[in-house]
Amino acid sequence: MIELALLIDTASLIYVFDFIGIIACAVAGTMLAMSKGFDLFGCVLVSMVNAIGGGTIRDVMLDRYPLFWMMDLNYVFTITLTSILCQIFFCPTVRINGVLKFFDAIGLSAFSVIGLTVALSTGAPPPIAVMMAVMTSIAGGIMRDMICQELPMVLQKEIYITACIIGSLTYLGLWRLGVMAWLSELAMLMVVFGVRMLAIRHDWHLPSIRMVGWLIKNEGKK
Amino acid sequence: MIELALLIDTASLIYVFDFIGIIACAVAGTMLAMSKGFDLFGCVLVSMVNAIGGGTIRDVMLDRYPLFWMMDLNYVFTITLTSILCQIFFCPTVRINGVLKFFDAIGLSAFSVIGLTVALSTGAPPPIAVMMAVMTSIAGGIMRDMICQELPMVLQKEIYITACIIGSLTYLGLWRLGVMAWLSELAMLMVVFGVRMLAIRHDWHLPSIRMVGWLIKNEGKK
Amino acid sequence: MIELALLIDTASLIYVFDFIGIIACAVAGTMLAMSKGFDLFGCVLVSMVNAIGGGTIRDVMLDRYPLFWMMDLNYVFTITLTSILCQIFFCPTVRINGVLKFFDAIGLSAFSVIGLTVALSTGAPPPIAVMMAVMTSIAGGIMRDMICQELPMVLQKEIYITACIIGSLTYLGLWRLGVMAWLSELAMLMVVFGVRMLAIRHDWHLPSIRMVGWLIKNEGKK
């Protein structure tokens with residue numbers, strides 16, 4: 001009974017987190033588009049790409065139709081409304097700040113869990129499922145940056161894909177150990193969010209792997 | 001009897017308008033690609049992306065296979081021929097001018113009608129169908145600009161997506177009122193074309209929505 | 001009996017060539033990504049896009065599911081390993097050199113043959129199959145350049161798409177003449193590789209087609 005309640009809670013929690021992430025993506029997309037001089041609908045389109053682009057690519061790759069946002073119109077309405085409100089009230093000089101990064105981290109955790117579990121549910125092998133979790137989380141942001149002629153931020157020295165992969169491995173580990181799905185999902189949600197927030201707070205970056213090669217070379221010279 | 005004739009006429013008209021749009025897109029794509037120094041096949045590829053890219057993304061999103069240009073080879077042949085002729089005879093310093101904008105507006109109206117009706121025929125809800133009309137009309141141009149490293153023109157201050165949305169709402173309104181499909185299509189065709197041409201002629205641009213927020217703020221200060 | 005052995009050999013040869021191409025693409029993608037300052041997973045992602053992006057777009061366009069790299073995990077593992085080794089040991093100042101171009105030409109020939117035969121096997125008409133051969137060969141490189149904010153190299157004055165098209169026409173010609181599939185594939189493999197290597201060695205470029213128009217104009221002036 002309690003388990004059922006918790007099961008429902010995890011599903012609801014992911015849905016709520018998903019929409020927090022969608023809103024954060026819509027805000028980030030709109031602000032970047034505004035700084036590029038795009039018009040009303042141009043900004044809405046960029047915020048759509050940012051918010052649901054990753055999930056769309058995942059669904060197309062996995063042959064899951066109809067696409068998730070064609071069945072649940074809440075996605076499209078939420079993004080459109082967020083983008084328009086953002087255009088009316090936000091100042092274009094405001095940079096993506098701490099609050100947005102916090103909400104974005106919530107979204108990252110939800111997108112990762114959804115991407116991983118959706119892929120596993122279609123029978124994808126675990127390595128592909130991890131790729132789909134990463135895709136769901138980052139492809140939207142990459143496409144946003146491509147449209148706006150910027151180098152994709154998430155591919156640069158940030159603990160972003162890393163948080164998603166660590167969380168996915170946590171889920172797969174717990175799942176292998178026989179832990180219930182909802183508990184594994186909850187753990188993944190917290191791990192992705194935790195790693196991402198720690199990385200933001202302590203300004204962590206992935207050390208350049210090049211150094212390993214440099215150390216090996218210099219070791220050889222001694 | 002007359003109705004049947006008109007029905008056929010509307011379908012034929014859309015097909016003819018579609019190809020006028022395809023040719024306009026192929027010319028615009030080739031000219032941009034030439035200005036970037038692409039070679040013969042590079043220009044053909046960019047013109048393909050510009051002309052059939054939007055419809056391809058729509059069909060993939062709606063799971064409609066085979067893709068429209070795989071069944072009707074006229075698309076691929078028309079684009080290739082247009083692009084090659086354009087490369088032989090056009091001067092790269094000629095900018096996209098009035099004539100091309102006129103033909104492009106014809107294409108915009110056809111692409112919008114096709115995108116909307118195709119989406120409705122697959123059972124998509126009206127808001128998604130409007131999105132598909134927009135997608136069919138602009139995704140090709142956005143991808144062309146992304147390949148050519150330009151900020152997408154259609155997302156900037158132009159009445160382009162707006163014309164498509166106004167036309168789509170016209171269609172949906174008439175459709176809800178019980179007007180026959182071919183008549184609604186004809187009306188949408190004329191509305192999209194009309195709005196776009198008026199915008200070009202009078203140099204209309206979407207006013208920045210930011211001003212609304214500014215007015216609200218200043219109103220509060222009084 | 002000998003025919004069967006050769007048939008198997010051609011299939012194996014294409015698989016080996018395919019992986020040589022995958023590795024060459026992963027190396028090229030990683031090196032470009034490193035020069036842009038992407039992190040460990042950013043580089044892996046760009047190398048994935050470069051190596052399997054073209055085949056993915058082909059499979060999505062032809063509605064072939066599951067995607068080839070979701071069934072044969074060797075692709076994903078090979079690319080990830082190649083990219084990480086490349087990041088550890090390569091110097092970012094090394095430019096894409098002769099050896100890489102040689103391996104890339106092997107990959108181009110394999111990608112072309114696979115793209116053409118896969119498209120024909122799904123019943124696509126020959127012109128579409130040639131397009132799919134081109135797509136498989138170049139779409140990954142184009143997307144890599146789009147993500148890295150570069151003008152796509154393969155669309156510029158290089159005999160690249162041209163080699164793929166000449167090879168495809170060779171295959172279709174032999175196929176029309178009733179030559180066995182494995183022999184046509186072998187011929188196409190050699191033609192694509194040969195044309196590409198000759199173009200690299202002799203620094204061939206596609207002459208600008210604009211000159212044809214210029215000649216026609218000047219002829220008229222006499």
Side-chain angles (χ1 to χ4, degrees), chain A residues 29-49 52-53 55-57 59-80 83-94 142-151, chain B residues 56-65 119 122-132 134-135 137-139 141-166 168 199 204-217 220:
Chain A
T30 302
M31 283 162 68
L32 181 59
M34 282 170 83
S35 76
K36 297 285 171 179
F38 290 173
D39 70 3
L40 171 61
F41 293 116
C43 290
V44 172
L45 188 130
V46 172
S47 67
M48 289 271 180
V49 166
I52 54 177
T56 302
I57 290 194
D59 279 1
V60 168
M61 282 185 169
L62 292 172
D63 199 22
R64 283 178 82 236
Y65 288 99
L67 300 178
F68 68 100
W69 47 269
M70 290 197 183
M71 294 191 294
D72 182 351
L73 290 179
N74 289 334
Y75 287 98
V76 172
F77 289 143
T78 304
I79 296 164
T80 306
S83 178
I84 291 174
L85 287 177
C86 193
Q87 289 179 64
I88 294 177
F89 292 108
F90 271 61
C91 172
T93 55
V94 172
I142 293 176
M143 285 193 290
R144 174 202 68 196
D145 288 342
M146 285 163 77
I147 291 176
C148 295
Q149 298 292 314
E150 298 274 342
L151 269 184
Chain B
T56 302
I57 289 194
R58 177 204 61 216
D59 279 1
V60 168
M61 281 185 170
L62 293 172
D63 199 21
R64 283 179 80 236
Y65 289 98
T122 64
I128 300 296
V130 176
M131 279 180 70
M132 291 300 112
V134 173
M135 269 302 191
S137 308
I138 65 164
I142 293 176
M143 284 194 291
R144 173 202 67 195
D145 288 343
M146 284 163 77
I147 291 176
C148 295
Q149 298 293 313
E150 299 275 341
L151 269 184
M153 205 182 293
V154 295
L155 301 183
Q156 294 174 57
K157 307 221 171 302
E158 291 240 359
I159 303 289
Y160 204 93
I161 301 181
T162 314
C164 174
I165 291 177
I166 293 175
S168 300
W204 284 348
H205 295 287
L206 219 52
S208 178
I209 201 170
R210 240 175 280 167
M211 210 176 284
V212 180
W214 184 81
L215 286 173
I216 294 169
K217 268 182 224 158

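First the proteins, then the strands, lettered A, B, ... as listed; each starts at 1.
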### Query
Between B:Met131 and A:Met70, is any pair of side-chain heavy atoms under 4.5 Å apart?
no
### Task
Tell me, for A:Leu73 versus chain B, whether the close heavy atoms (under 4.5 Å) come from the side chain, the backbone, both or neither.
side chain
### Task
Among the options A:Leu67, A:Asp59, A:Leu85, A:Thr56, pick out the one with the most heavy-atom pairs lying under 4.5 Å from chain B.
A:Leu67
### Summary
Of the listed B:Val134, B:Ile165, B:Asp145, the one with the largest count of heavy-atom pairs under 4.5 Å with chain A is B:Ile165
### Residue among B:Ala124, B:Pro125, B:Gly123 with most heavy-atom pairs under 4.5 Å to chain A
B:Pro125
### Task
To the nearest 0.5 angstrom, please state how far the CG atom of A:Leu45 sits from the CD1 atom of B:Ile142.
5.0 Å
### Query
Taking every heavy-atom pair that is under 4.5 Å apart, which of B:Thr122, B:Leu62, B:Val60, B:Ile138 has the most such pairs with chain A?
B:Val60
### Shortest non-hydrogen contact from A:Tyr65 toward B:Met61
CE2-O, 3.6 Å
### Query
For the residue pair B:Ile161 and A:Phe41, what are the closest heavy atoms and their distance?
CG2-CB, 3.8 Å
#### Entry: Selection from B:Val154, B:Ile128, B:Asp63 maximising heavy-atom pairs under 4.5 Å formed with chain A
B:Asp63
### Query
Relative to chain B, which segment of A:Val46 carries a heavy atom at a distance below 4.5 Å: side chain, backbone, both, or neither?
side chain
#### Entry: Closest approach of B:Gln156 to A:Phe38 (non-hydrogen atoms, all atoms of both residues)
CG-CD2, 3.7 Å
### Summary
Tightest non-hydrogen contact, residues A:Gln149 and B:Leu151, listed as CG-CD2, 3.8 Å
### Portion of B:Thr162 that has a non-hydrogen atom of chain A nearer than 4.5 angstrom
both
### Query
Does any heavy atom of chain B fall under 4.5 Å from the side chain of A:Met71, the backbone, both, or neither of them?
neither
